[in-house]
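A quick write-up on the structure given underneath.
Each chain gets a letter, A, B and so on, in the order the sequences are listed, and its residues count up from 1. Treat the numbers as computed from the prediction; the structure is a model and nothing was measured.
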Amino acid sequence: MLDIKLIRDNPDIIRADLRKRKDEDKLQVLEDILADDAKWRESNIKADELKARRNTISKEIASIKKAGGDASKQLDQMKDINDEIQKLDEDTRYLKDSVDSKKMILPNILHESVPVGEDDQKNVELRKWGQPPEFDFDLKPHAELAEDLGIADFDRAGRVSGAGFNYLLGDLAYLDLAIINFAAEFMIGKGYTLVEPPFMLKRKPYEGVTDMGDFEDVMYKIEGEDLYLIATSEHPMAAMFQGEIMDEEKMPMKLVGFSPCFRKEIGAHGVDTKGLFRMHQFNKIEQFIFCKPEDSWKYHEELLANTEEMYQLLGIPYRVVNVCTGDIGNLAAKKYDIEAWFPRQDKYGEVASCSNCTDYQARRLGIRMGKVGGKEKTIPHTLNNTALATSRTMVAILENFQNEDGTITIPEVLRKYMGGKELIQ
RNA sequence: GCGGGGAUAGCUCAGCCUGGUAGGGCGCAGGAUUGCUAAUCCUGUGUUGGUAACAACUCGGGGGUUCGAAUCCCCCUCCCCGCGCCA
């Protein structure tokens, strides 16, 4: 959410940004906000004046009654004033609600380094690491490979839970845990605090942490409860300090969350639709930082470097792209995607997404920051990046490290988490 | 799930019975004083509108009664204690 003062004082900044985002529809939302905000202030001022009169008369009544006098004239006046106030308050409230809900629709202000473009085709590649491996045999789709090895059962999962779910069996389940342990240990070593958050959130904090658009189509809801299964541990970590004033002495707060992630929308894209690439449920280790505003760009690079280092240690080729204005989403001021090499698709595919949300997410959540007991308050910045999502990391491992005989070589850094095992066979 | 107790500014507590428009302490900020960054004293402290003066709002949330609600009544949420259930 943007600061209403920025919207009032510098609407041109926002207009220019919306055009860069190709989000022309929201230009009208902005105009509506400006109009309703002006009307709200007018209505609010009128109501305030009447309330001031009401307070004066009320004090008169109190002193007259105390003196044992007759206050019937004042009581009559109060009736009329109260009627008028009630009407004005209704308008004021309506206008305020309108402004508040429309403010949630406007996206964050983009950083100047974000490339302009309408979709992911215009994302700008910043660098590549590693050589895509050459194979002198036909690659198996990762799902087929896993089924042949008896380490995944998609069909039975489909029968009991539906498409988009899976049973990981034996070494693949072990590999999943190994990836989690590797990522957790790596991040803890970097000074991040491991967090296992609630896996469900109430709606209100959920609307604060992200812009879900059509909530019902994206989130799994618990029937009969005000609870939604989380789509990533970013969400409960961001919501953790909802409505609070965070201690600036404790900044930066660096967290690494572990959780399963639940997502309704998985749709089919490209080759090898069956398998682990798009799932309704997967495990993920996620980086999250609360920091002082002046430090957030530094930490944005740190979060990116952490994920890059992990993919380098795993030996999986990847590239980093600067996500363009049309593909960046509402929350981030700037976003890098880390894309791993997927040999079967013969291209790089997203495995991590590194966002600086500046003060946008924190403002939505009502999070402020200051000295304990102090008066000065600012809004902290929030940043997030995937550390490792097990599902896509496993796909990358299965594809990049498969052998002609259908076995899979386990990346060296993961072996100590799998009892020293070197090969899945 | 049942019974009891709670929710008041960053923290902590008073006010509620008996309605008259929120107060103390801590913390924080500024100032005074002292040979000092200690002690003491003074002022300020949340949100919104306003250049400001100032005004309005604010006692977990929503309704109601009343000229007037932190206070009385109803509903809801969350927390604590006990009981029940339970990995």
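Using N1 to N3 plus N6-O4 or O6-N4 for Watson-Crick, or N1-O2 and O6-N3 for G-U wobble, each under 3.5 Å, B/rU40 pairs with B/rA32. For B/rC86, there is no paired base (Watson-Crick or G-U wobble, both distances below 3.5 Å). Under the Watson-Crick or G-U wobble criterion, with both distances below 3.5 Å, B/rG27 is paired with B/rU45. Using N1 to N3 plus N6-O4 or O6-N4 for Watson-Crick, or N1-O2 and O6-N3 for G-U wobble, each under 3.5 Å, B/rA22 pairs with nothing. Judged by Watson-Crick or G-U wobble contacts below 3.5 Å, the nucleotide B/rG60 has B/rC76 as its partner. With a cut-off of 3.5 Å on both Watson-Crick or G-U wobble distances, the partner of B/rG3 is given as B/rC81. Pairing for B/rU65 is absent, judged as Watson-Crick or G-U wobble with the two contacts each under 3.5 Å.
For B/rC81 and B/rC73, the C1' atoms lie 27 Å apart once the distance is rounded to whole Å. Comparing the same atom, C1', in B/rA7 and in B/rA53 gives a spacing of 37 Å after rounding to whole Å. Taking atom C1' on both B/rU48 and B/rA32, the two are 34 Å apart, rounded to the nearest angstrom. Of the P atoms belonging to B/rC54 and B/rG44, the separation is 13 Å, rounded to the nearest Å. Separation of the C1' atoms belonging to B/rG64 and B/rU51 is 42 Å when rounded to the nearest angstrom. Across the C1' atoms, B/rC42 and B/rU33 are found 11 Å apart, a figure rounded to whole Å.
Between A/Lys46 and A/Asp89 there is no salt bridge, since no side-chain nitrogen of the basic residue lies less than 4.0 Å from a carboxylate oxygen of the acidic one. For A/Glu309 and A/Lys190, the salt-bridge test passes: some basic side-chain N is under 4.0 Å from an acidic carboxylate O. Electrostatic pairing of A/Glu144 and A/Lys274 does not count as a salt bridge here, judged by no charged N lying under 4.0 Å from a carboxylate O. A salt bridge does not link A/Glu294 to A/Lys292: none of the charged side-chain nitrogens sits closer than 4.0 Å to a carboxylate oxygen.
Around the NZ atom of A/Lys377, the shell of radius 6.0 Å holds more than 12 heavy atoms that belong to other residues, nucleotides or ligands. At most 12 non-hydrogen atoms from other residues, nucleotides or ligands lie less than 6.0 angstrom from NZ of A/Lys122.
In this entry the distance linking NZ of A/Lys51 with P of B/rA56 reads 10 Å, nearest Å. Regarding A/Ile379, its CD1 atom lies at a distance of 13 Å from the C1' atom of B/rU47, rounded to whole Å. The distance between atom CZ of A/Arg93 and atom P of B/rU47, rounded to the nearest whole Å, is 21 Å. Taking atom NZ of residue A/Lys204 and atom C1' of nucleotide B/rU77, one finds them 11 Å apart after rounding to whole Å. One atom, CD of A/Glu376, and another, C1' of B/rG10, lie 13 Å apart when rounded to the nearest Å. Per the geometry, CD1 belonging to A/Ile81 stands 13 Å off C1' belonging to B/rG68, to the nearest Å. One atom, CG of A/Leu88, and another, P of B/rU48, lie 21 Å apart when rounded to the nearest Å. Counting to the nearest Å, the P atom of B/rG30 and the NZ atom of A/Lys375 are 11 Å from each other.
A/Asp247 comes within contact range of no nucleotide atom at all, as no heavy-atom separation falls under 4.0 Å. Heavy atoms of A/Lys202 sit under 4.0 angstrom from primed sugar atoms or phosphate atoms, though from no base atom. If you check every strand for non-hydrogen atoms under 4.0 Å, A/Ile245 touches sugar and phosphate atoms only. Within 4.0 Å (heavy atoms only), A/Arg53 reaches no atom of the nucleic acid at all.
Side-chain proximity of A/Arg41 to B/rC28, B/rG50, B/rG20: nearest is B/rG50. Picking from B/rC67, B/rA29, B/rA56 the nucleotide with the shortest atom distance to the side chain of A/Ser58 gives B/rC67.
Heavy-atom nearest nucleotides on RNA chain B were determined for A/Ala52 and for A/Val372, and the one closer to the 5' end corresponds to A/Val372. Between A/Glu49 and A/Ile45, the one whose closest nucleotide on RNA chain B sits nearer the 5' end is A/Ile45.
Side chains of A/Tyr167 and A/Arg156: no donor on one and acceptor on the other come within 3.5 Å.
For B/rA29, one of the phosphate oxygens OP1 or OP2 lies less than 4.0 angstrom from a side-chain nitrogen or oxygen of A/Lys371.
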